[in-house]
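Worksheet for the structure shown next.
This one's a predicted model, so the numbers in the text were calculated from it and none came from an experiment. Convention: sequence-line order gives letters A, B, ...; per-chain numbering from 1.
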Protein chains: 2
Amino acid sequence: MVGAVTSGGDAIARASGGDPTWTIAEIAAEFGVTHRTVRHYEELGLISPERRGTTRIYRRRDRTRLNLILRGKRLGFPLEQVRTIIDLYDSPRGKASQLEYCLAQIDDRRADLEQRRRDIEDALAELDTFAARCRDDLDRLR
Amino acid sequence: MVGAVTSGGDAIARASGGDPTWTIAEIAAEFGVTHRTVRHYEELGLISPERRGTTRIYRRRDRTRLNLILRGKRLGFPLEQVRTIIDLYDSPRGKASQLEYCLAQIDDRRADLEQRRRDIEDALAELDTFAARCRDDLDRLR
DNA sequence: CGACCGCTTGACGTTAACGTCAACGTAAAG
DNA sequence: CTTTACGTTGACGTTAACGTCAAGCGGTCG
């Protein structure tokens, strides 16, 4: 075994010289999903790990994407929409027209996220007033 | 036609004396969903409109619930989870034990919503730095 | 009175996001 | 060299959230 490994039950970095890689099982376990889920994301083109022969090899880039995907899911975005934002993040931005398109897309996403933020603020505010009423009622019962 | 109606293409309040009611078509149109969707929510027990004979009659209470449902959907909550929060809002709160249960539930929901808010803040922050980089690149192209 | 409109119920279809199962390859371990 | 563990490709199953007919009922308009 080579290389300084921080260990601790985590997935272990392979390829002593290069950057660390992970197997599908390690990735799945670490992100709290099944290997089927990971494969599903690949089928949809959300991630595209390298192959050593037929075996999938995951790198940092894939982990970054998985984080984006799972956050998107927590936020309730459909995977297709998650794809558009991932594609946005590594779309070609060489030409001015492409950059302007990116900026436009970003504005769209911003608007969407801010709508959700408002919804969340509203929901939290309602919960708070409801909780206050509950506490009042509880106090009055004593 | 009786009663002060603000009109304007909106659904019109019926039942001159009592409180306003709406048909399923009006409700659906106003909330931007299909009547099938409204019926689906009823099948899941999320709303339970009155009946005049066989026809559904929607009141303010149903509209409140529909607002909760649709906001829950925008936030990506499954309808079953939406139901739990709706049920929470009009659950019995006469006894202290019930009020304490409510407060506990509220804390759960709060935690969930705050996680989502963090996710959204993160996503917005990333979008912002990405947008800044895009604008930089764009400036440098001139 | 017939036609039409809106409402209702039932039942089957569809899409997204996986779950699950079978069958196979391969590489290290006994 | 066989067993065992992990990985891979299909392919079909499942659940949620509706969509989409089909068929029937009840008022009202001409």
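- Between A/I86 and A/I69 the shortest side-chain heavy-atom distance falls below 4.5 Å.
- Both B/L141 and A/L103 are assigned to one and the same hydrophobic cluster, defined by single-linkage of ILVMFWY side chains at heavy-atom distances under 4.5 Å.
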Salt bridge (charged side-chain N to carboxylate O under 4.0 Å, His left out) evaluation trace for B/R118 with B/E114: CA-CA 6 Å; B/R118 276 190 298 277; B/E114 273 160 4; 5.3 Å; no
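- With B/F77 as the aromatic partner, B/R116 meets the cation-pi criteria of under 6.0 angstrom to the ring centre and within 45 degrees of the ring axis.
- Contact of the B/D62 side chain with the B/Y41 side chain is not registered, since no non-hydrogen atoms from C-beta on lie closer than 4.5 Å.
- B/L99 and B/Y101 sit in two unconnected hydrophobic clusters of ILVMFWY residues. Membership requires side-chain heavy atoms under 4.5 Å apart, directly or through other members.
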Set out, line by line, the N/O atom pairs under 3.5 Å between protein and nucleotides 3-7 of chain D.
| residue | atom | partner | partner atom | Å |
| --- | --- | --- | --- | --- |
| D/dG7 | OP1 | A/T23 | OG1 | 3.1 |

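- In the hydrophobic cluster analysis, where Ile, Leu, Val, Met, Phe, Trp and Tyr join through side-chain heavy atoms closer than 4.5 angstrom, A/I57 is grouped apart from A/I47.
- Salt bridge absent: B/R74 and A/D112 never bring a charged side-chain N and a carboxylate O closer than 4.0 Å.
- Residues from residues 32-51 of chain B lying near DNA chain C, meaning a heavy-atom separation below 4.0 Å, are B/R36, B/R39, B/R51 in numerical order.
- Here chain A contacts DNA chain C (any atom closer than 4.0 Å to a heavy atom, that is under 4.0 Å), and the contacts span C/dA17 to C/dT20 from 5' to 3'.
- One finds a salt bridge joining A/E43 and A/R39 here, because a Lys/Arg side-chain nitrogen approaches an Asp/Glu carboxylate oxygen to under 4.0 Å.
- A cation-pi geometry, defined here as NZ or CZ lying under 6.0 Å from the six-membered ring centre and within 45° of its normal, holds between A/R63 and A/W22.
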